[in-house]
Structures are given as structure tokens and as C-alpha cells.
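Quantities reported herein were computed from a predicted structural model and do not represent experimental measurements.
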Amino acid sequence: MSRSVQLVPTREALQHALDHRAAPGRTAVVMTMGALHEGHASLVRAARAKVGPEGFVTVTVFVNPLQFGAGEDLDRYPRTLEADLRTAQQAGADVVFAPSADEVYPGGEPQVRIAAGPMAQCLEGASRPGHFDGVLTVVAKFLHLTRPDVALFGQKDAQQLALIRRMVRDLNFPVEIVGVPTVRESDGLALSSRNRYLSVAERRTALNLSGALFAARDRLGAQQALHARAEATPGTHARAAALSAIGEARAAADAHAVAQAGPGGADGVRAAARTVLDEAAHAVPPLVLDYLALVDPATFAEVPDDHTGEAILAVAARVGATRLIDNILLTFGPPAFEPPAPESPMPQAPTPDGPAPDAPTLEPPTFGAAK
């Protein structure tokens, strides 16, 4: 049974709700711009799980004008407060704080704002100058107003999440920041309030954002699996040479691939994603790429080809009039690999006078799947 949710439109009403909550448990906040969907609901449920049934969960609904630039969709951004209240209640919120712009910024835009710093100059920050200054300014205000022990944000906005973590650390906000995994629709498209702008044809094209990320993930997995086989299989180079010598070209090619496999480089991952995006540029309607970047999760600097550890593959593109972003977290480095059972003896090349001495009788090789 879902609890009742209280709508509060002013700072005073919010403070009253916080001061008179039923139990003195932990508090959490989920900040949104409204038009709530299952991704937002997952954040609210995670907040409830963090603070428990005796805790207090605030959801903010505010379309922040400071984070929209000229020509962006501030005026047409969907406002669905009644539906948002139902979603918040069903997910376990106690209060929905839905202030007006005048309530948040009395007297107009603030003269003092948070400067997001160097990390905000790339990717989303480069495409949307000033965007992250506006985001951090409203996040800082809402952290003060909602007084949470924990604040939860979606990992789909990965650069925003990294900047909020940096602001909290640098400015000593007494709050725990938690990232919640991206929620996707059944076809892989990351949930976004802007998805409702897409026509049927535009949505088909938009699927290439997640398609590019998944192609890159699969490429990395394949590279790592081959590398693990090479590490676990002794004498792979010699086996490949012997197979080639007795005319088993397909099996030899498989063995050569195993022998030469590296652990999986960043450049190959980028190339796999870019192939999908390049093809999508010729779709109808086309996907217009803004950026594709493979970056360090802490600094958002591009990683080198020999990178090991975690990296975020991020993409932004426009389909029709709608701009969409997506990302996926990847881990570079050889995965754990369970050594295979011992292989049959390595075949030997024939001599001019017949089979090599003591050569085993060879059955057709069973490794290397034939296509």
C-alpha cells in the first residue's frame, strides 16, 4: 500500500513538512524536472530503500531555467504535475516540492552562482555552455532546502553526477551522493522525459544511441575473452603454425586470433560504437552526432588506448528536433578466466616421406566454430 504524498509549493511549507515529519529517521532527496517516468520512479524507490520505512523522501519537481540555453526546450519541456504526484506517491515519496521560478529565485536570476569548473567545459558543457553552472546552482540550493542525508541521481546523466559529487566534496556538503543505474525501455532506449517528443521514425533512429553503446560493450567483451583464452592456453602460437602446416586453415585462423588477442583497447571500443553511429547518420530521419567519448569517470578526460579500469562511453546526438544522451560504464582489463580442460596433443607438420614420427592420428579440429 503506497503512502500519501504531500505537495508543497513554497520553501516555508517544505521546512514545516521537514520539521514535523512523523519519525526522526534519515532523509533523502530525488531532484527532477518533472514529467516523471519509470527511471525517476526507480530513483524514488532507491531513496526509500536507503532511508527505510521510517525515513523521509522528498522529490523536487522544478524546471530550472538556469540550465537551459538560448534556443533550447525550456518552454516546451513537459509539465505533468498531477501525473508526477501519482508516480511519486506510488514509488514511496513523502513530499513533492514543486516551487515556481519566483519561489526558487526571488527577485530574478541569482547574482551568485556555482561555477562548475574545468570538468564542465567538455562534452555536455561544450555543447551547452553554462548548463552545469545552472545545474549545480539549483542542486546546491535544493540540498540546503531539503536537508537530506542522501541524494540520489541517475547515472544516465553521468557528467552531471560526476560534477555533483565533485561539488559536494569540494564544498563540504554533509550529504551522501548515490548514483542509480539507467533504466531502459524494452528495446534498449534509455528512459528520458524527452522521448515523448520522438515520432515513430525518429524513435527507430534514436535506438542507434544505445545500439552503439552495446556494440562497443560487445566488442570489448569479445576482445577480453580472446585475450583470456590466449593467457590460459599454452603454446597457442605453435599450435596455430602446426595447424596451418597441415592445411587446417580455418582452425589455424582461430588459433592465430587467440594467440594475437590483446586485452581489449579503448580505440577498438570507440571504433565499434562509431560504426553504428556512422550508419545511423544515413537513416531516415538521420542521427546527427554531437559527440562520442570514452572518458575517465572521475575527470571526464578521454582515456588512452591502453587504459585499464573503468571508463564511461558517452554519446549525444540529435534526432529531428530532439537531443538525446546516453552512456554505459565499461571495465578495461582481462576478466577472470577459468582455464579449459587440457587440449589434445599439438599436431605436427608432415615430413616429405610421410607423417612425422610419433604423430597422433588427427581428427577434424573441434575448436573454432565454422560459419
Side-chain angles (χ1 to χ4, degrees), residues 1-37 39-68 74-75 77-114 134-154 164 167-168 171 173-178 180 193:
M1 180 177 179
S2 62
R3 60 184 68 209
S4 61
V5 66
Q6 181 182 1
L7 172 64
V8 295
T10 67
R11 290 169 291 166
E12 290 75 14
L14 175 63
Q15 298 316 308
H16 184 272
L18 289 167
D19 291 340
H20 294 84
R21 59 187 188 270
R26 300 183 75 212
T27 61
V29 66
V30 173
M31 300 185 195
T32 82
M33 294 203 301
L36 302 188
H37 50 63
H40 297 111
S42 73
L43 288 168
V44 181
R45 289 193 293 268
R48 175 55 61 196
K50 287 288 288 185
V51 302
E54 301 302 316
F56 193 87
V57 176
T58 300
V59 174
T60 69
V61 172
F62 179 61
V63 182
N64 177 33
L66 297 190
Q67 66 194 68
F68 287 80
L74 173 61
D75 292 335
Y77 196 86
R79 274 86 164 170
T80 58
L81 184 57
E82 290 301 320
D84 294 345
L85 288 171
R86 291 192 295 271
T87 299
Q89 177 178 354
Q90 292 167 2
D94 293 292
V95 160
V96 171
F97 177 46
S100 66
D102 289 339
E103 183 69 23
V104 177
Y105 303 120
E109 292 189 1
Q111 295 185 31
V112 177
R113 308 187 190 196
I114 300 289
V135 169
L136 295 189
T137 297
V138 79
V139 168
K141 285 191 71 108
F142 283 178
L143 288 176
H144 288 311
L145 291 172
T146 60
R147 312 195 310 252
D149 296 300
V150 57
L152 298 93
F153 297 89
I164 290 169
M167 177 186 75
V168 164
L171 301 184
F173 280 81
V175 62
E176 176 189 0
I177 302 298
V178 173
V180 177
S193 299

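- A heavy-atom distance below 4.5 Å is not found between the side chains of F142 and T58.
- Rounded to the nearest 0.5 Å, atoms NE2 (H40) and NE2 (H37) are 4.0 Å apart.
- Every residue two or more places apart in sequence or in another chain was checked for a salt bridge (Lys or Arg N to Asp or Glu O under 4.0 Å) with E54, and none qualifies.
- The shortest side-chain heavy-atom distance between V95 and V5 does not fall under the 4.5 Å cut-off.
- Counting heavy atoms from C-beta on, the side chains of M31 and L143 come closer than 4.5 Å.
- Side-chain contact between V29 and T60: present, with at least one pair of heavy atoms (C-beta onward) separated by less than 4.5 Å.
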Passes side chain to side chain contact (heavy atoms under 4.5 Å, CB included), L74 versus Q67? Steps please. CA-CA 9 Å; L74 173 61; Q67 66 194 68; over 6 Å; no
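- Among all heavy-atom pairs drawn from I164 and L136, the shortest one is CG1-CD2, 3.8 Å.
- Nearest heavy-atom pair, M167 versus V139, reported as atom, atom and distance to 0.1 Å: CE-CG1, 3.9 Å.
- Taking the six-membered ring where tryptophan is involved, the planes of H144 and F173 are tilted, since the angle between them lies from 30° to 60°.
- Among residues two or more places apart in sequence or in another chain, the salt bridge (Lys or Arg N to Asp or Glu O under 4.0 Å) test is passed with D19 by R147.
- Between F153 and A151 the shortest heavy-atom distance is CE1-CB, 3.7 Å.
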For D149 and V51, what are the C-alpha separation, side-chain angles and deciding distance, and is it a side chain to side chain contact (heavy atoms under 4.5 Å, CB included)? CA-CA 9 Å; D149 296 300; V51 302; 6.0 Å; no
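- The closest side-chain heavy-atom distance from V59 to T32 is below 4.5 Å.
- A ring-ring contact (aromatic ring centres under 6.0 Å, His included) check over residues 11-32, counting only residues at least two apart or in different chains, returns the pairs H16-H20.
- Under the salt bridge (Lys or Arg N to Asp or Glu O under 4.0 Å) criterion, D94 pairs with R3, R48, sequence neighbours left out.
- Using modelled atom types, one finds a donor on one side chain and an acceptor on the other under 3.5 Å when comparing Y105 with N64.
- The closest donor-acceptor contact from the side chain of E109 to the backbone of L66 lies at 3.5 Å or more, if one exists at all.
- With sequence neighbours excluded, no residue forms a salt bridge (Lys or Arg N to Asp or Glu O under 4.0 Å) with K141.
- With contacts defined as side-chain heavy-atom distances shorter than 4.5 Å, the pair L171/I114 qualifies.
- V178 is listed as a side-chain neighbour of K50, based on a closest heavy-atom distance under 4.5 Å.
- A47 and A28 make their closest contact through CB-CB, 3.9 Å (heavy atoms, listed as atom of the first residue, atom of the second, distance).
- Here the CD-CG distance, from Q89 to D84, works out to 13.0 Å after rounding to the nearest 0.5 Å.
- Taking 4.5 Å as the limit, some side-chain heavy atom of R21 sits within range of a side-chain heavy atom of T27.
- The two residues A91 and R45 make their nearest non-hydrogen contact at O-CG, 3.6 Å.
- In terms of heavy-atom proximity, L145 sits nearest to L14 at O-CD2, 3.6 Å.
- Residues forming a side-chain hydrogen bond (donor to acceptor under 3.5 Å, both in side chains) with S100 (at least two apart in sequence, or on another chain): none.
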